[in-house]
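What follows is one structure encoded as structure tokens, with my remarks underneath.
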Amino acid sequence: MLDVKVIREKTEWVCARLAARNAGDEVNIQEIIALDDARRKNLSEVEVLRANRNKVSKEIGVLMGKKQFDEANLRKQETTEIGQKISDLDKKLQEIESQREAMLLKTPNTPHDTVPYGKTSEDNPVVKTYGEKKIFSFKPLNHVELCEKLNLIDFQRATKISGRGFILYTNLGARLERGLINFLLDTHTREHGYTEIQPPLMVTQECMYGVGQFPKFRDQAYTIQEGLDAETLGKQYLLPTAEAALVNLHRDEILKEEELPKRYCAYTPCFRAEAGAAGLGTRGLIRVHQFDKVELVKIVEPEKGYEELEKLLLNAEKILQLLGLHYRVISLCTGDLGFTSAKTYDIEVWAPGQDQYLEVSSCSNCEDYQARRMGLRFKKADGTLCFPHLLNGSGTALARLYVALLETYQQPDGSILIPEVLRPYVGTDQIKI
RNA sequence: GGAAGGGUGGCUGAGUGGACUAAGGCGCCUGACUCGAAAUCAGGAGAUGUCGCAAGGCAUCCGGGAGUUCGAAUCUCCCCUCUUCCGCCA
């Protein structure tokens, strides 16, 4: 969440940045400031009363020691009155604080000054491209046709056993998916210096708040416990992304400066309810409820946040380069930025069978927005505490990568050529009927 | 799932209603001694919030929450978590 101090001191800048990202009507900076003013006023009143009570209580202790019980009893009445005032004011204060907290949790991050201004995804500029669209001597098939022909995915049975939006890889199709996962993990851990993590697939509500999924995207999350009320603490949610687990690894901790940067990498399935996306029903792998993803997360000193974002992007790009796929990188404009992000690059890979670019990675610097939500700090050499920048990026999403791979490497005879780097992982150089 | 016992500062560990302003030890920082270090001696040191130009003051913090009390690390209740034992289990 945003720092209230910054909101108070740079109010105009914050409002302008939030307006640029089309923050909704639910965000009201003036109201946050008003609540904060009310909080301060009430707080100092309560504190004066408390100081008073502490003082008198101490005096009572002394009187009791001297066995001056009458005098002590007199003073007790005094503190009882003060106590009543305190609990009344305290109640009011708690109400104000929870409103203030709720407003802050609903307020998205402020875009970095280098983020291009724009309203929608139409306004996202392309910042670089790699390779070019492959020319085919025949009409390339799309991945659904290829998967069915080559028996890589069984769409009918996936729907039968799990419903719409699930994938059932079979035979070489399954091995290709597993091979890709291993290739991605190996590349990031061995070549790029990330520490491999295998997190639980379910996390607590606190983690969902910390990462910024809640409260805004609560309806996107799957939970599998029934019969408990929604506010029950300890209730668990299926990961919408491994980011939700990785970013929370050090929640409520104070890291040492020399421990930074931390780089984590994890493969997990990702579960998304995609509420409200019904009807977007693209057949195949483009939009599903469960997909595999390898996620990268970094915890870094604030001064290095943006330098590390560029490196993170390069780490993700490297995957597509090694696989010989054509892609472009776009910089999300202010209006298209994710809730927690201050700056985001998307990587879009070319899928010839779809005749379109598919988003396979999103690399963001959330600055200290998430760290603040989850109470993650580090201690600087001079002893002061500081919120680190949290970065996350897909390295990459698997399902769409799979699409691009099949569609790019299809041959005139309907077979698929496996790129060199993947052959040890798949155990074959081509997939044919 | 059942039973019992724990959770105190960076770590260890004492504290069972009023000097806890959380002892002592270890580690840490500063200074003295030293050419320098070790050892020794002296001193210092938390977080959050808030008020203040500042010096500094005040409040809160002993796993979390609620309660009893004039006053809670300490008493009561609920929850989380760890350890051990039992049951179940890939």
Side-chain angles (χ1 to χ4, degrees), chain A residues 1-9 32-105 198 200-210 224-225 227-237 248-260 368 371-388:
Chain A
M1 64 183 120
L2 299 179
D3 186 352
V4 180
K5 275 194 198 126
V6 173
I7 291 179
R8 297 184 71 102
E9 285 162 18
I32 291 176
I33 293 175
L35 284 166
D36 196 53
D37 284 341
R39 173 177 156 276
R40 288 181 182 207
K41 184 171 157 285
N42 274 266
L43 193 61
S44 52
E45 279 175 38
V46 170
E47 285 183 353
V48 168
L49 289 171
R50 281 219 180 94
N52 212 332
R53 183 178 66 181
N54 288 347
K55 204 174 116 210
V56 179
S57 274
K58 223 163 232 180
E59 287 166 14
I60 291 171
V62 173
L63 291 170
M64 302 283 272
K66 292 184 191 160
K67 303 211 189 288
Q68 298 177 6
F69 299 115
D70 290 346
E71 179 65 17
N73 280 326
L74 219 70
R75 316 241 34 198
K76 276 189 193 181
Q77 284 177 17
E78 206 177 308
T79 48
T80 306
E81 277 171 36
I82 298 175
Q84 189 52 244
K85 277 189 202 161
I86 290 175
S87 70
D88 289 349
L89 264 174
D90 219 22
K91 214 171 170 184
K92 202 167 133 198
L93 184 63
Q94 275 181 29
E95 227 165 83
I96 291 168
E97 282 186 338
S98 71
Q99 277 179 43
R100 171 179 172 273
E101 180 83 0
M103 293 290 291
L104 283 169
L105 285 172
Q198 199 174 121
L201 301 183
M202 289 190 270
V203 294
T204 62
Q205 160 167 268
E206 285 77 6
C207 289
M208 295 295 263
Y209 272 102
I224 58 171
Q225 288 184 7
L228 292 175
D229 73 280
E231 299 310 317
T232 304
L233 290 182
K235 188 176 182 178
Q236 287 124 353
Y237 297 85
N248 279 288
L249 245 37
H250 299 286
R251 72 168 13 255
D252 289 322
E253 288 185 27
I254 296 173
L255 301 174
K256 295 182 187 131
E257 188 173 33
E258 59 267 28
E259 288 180 88
L260 303 181
D368 61 10
R372 206 174 281 283
R373 281 171 93 104
M374 68 179 69
L376 165 59
R377 289 168 299 173
F378 73 97
K379 198 172 213 161
K380 295 211 265 194
D382 65 9
T384 58
L385 293 173
C386 183
F387 290 103

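Proteins come first, then strands; the chains are lettered A, B, ... in the order of their sequence lines, and each starts at number 1.
Remark: the separation of the P atoms in B:C79 and B:G1 is 12 Å, to the nearest Å. B:G13 and B:U68 have their C1' atoms separated by 30 Å, with the value rounded to a whole Å. Between B:G63 and B:G44, the two P atoms lie 28 Å apart (nearest whole Å). Comparing the P positions of B:G57 and B:G7 gives a spacing of 33 Å, expressed to the nearest Å. Annotation: B:G25 and B:C35 have their C1' atoms spaced 33 Å apart (nearest Å). If you take atom C1' in B:C29 and the same atom in B:U83, they sit 36 Å apart, rounded to whole Å. Atom name P, nucleotides B:G15 and B:C20: the rounded distance is 15 Å, in whole Å.
Which of B:G71, B:U50, B:A66 sits closest to the side chain of A:Gln94 comes down to B:A66. Nearest to the side chain of A:Asn54, among B:A59, B:U50, B:A47, sits B:A59. The listed nucleotides are B:C70, B:U48, B:A59; the one nearest the side chain of A:Thr80 is B:C70.
Contact annotation for A:Arg40: backbone-only contact, meaning every heavy-atom pair under 4.0 Å involves sugar-phosphate atoms and none involves a base.
Applying the 6.0 Å contact sphere to CD of A:Glu253 captures more than 12 heavy atoms from other residues, nucleotides or ligands.
A donor-acceptor pair is defined here as one N or O able to donate and one able to accept, closer than 3.5 Å; no such pair exists between the side chain of A:Asn42 and the backbone of A:Leu93.
Summarising the geometry, atom CZ belonging to A:Phe387 is positioned 7.0 Å from atom CG belonging to A:Asp368; distances are rounded to the nearest 0.5 Å. With rounding to the nearest 0.5 angstrom, the OG1 atom of A:Thr80 is 12.5 Å from the NZ atom of A:Lys85.
Among the duplex regions that RNA chain B forms, those built from at least three successive Watson-Crick or G-U pairs under 3.5 Å are B:1-7 with B:80-86, B:10-12 with B:24-26, B:28-32 with B:40-44, B:46-51 with B:56-61, B:63-67 with B:75-79, ordered by first number.
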Legend entry - B/S/- contact track for nucleotides 16-21 of chain B, protein heavy atom under 4.0 Å: --B---
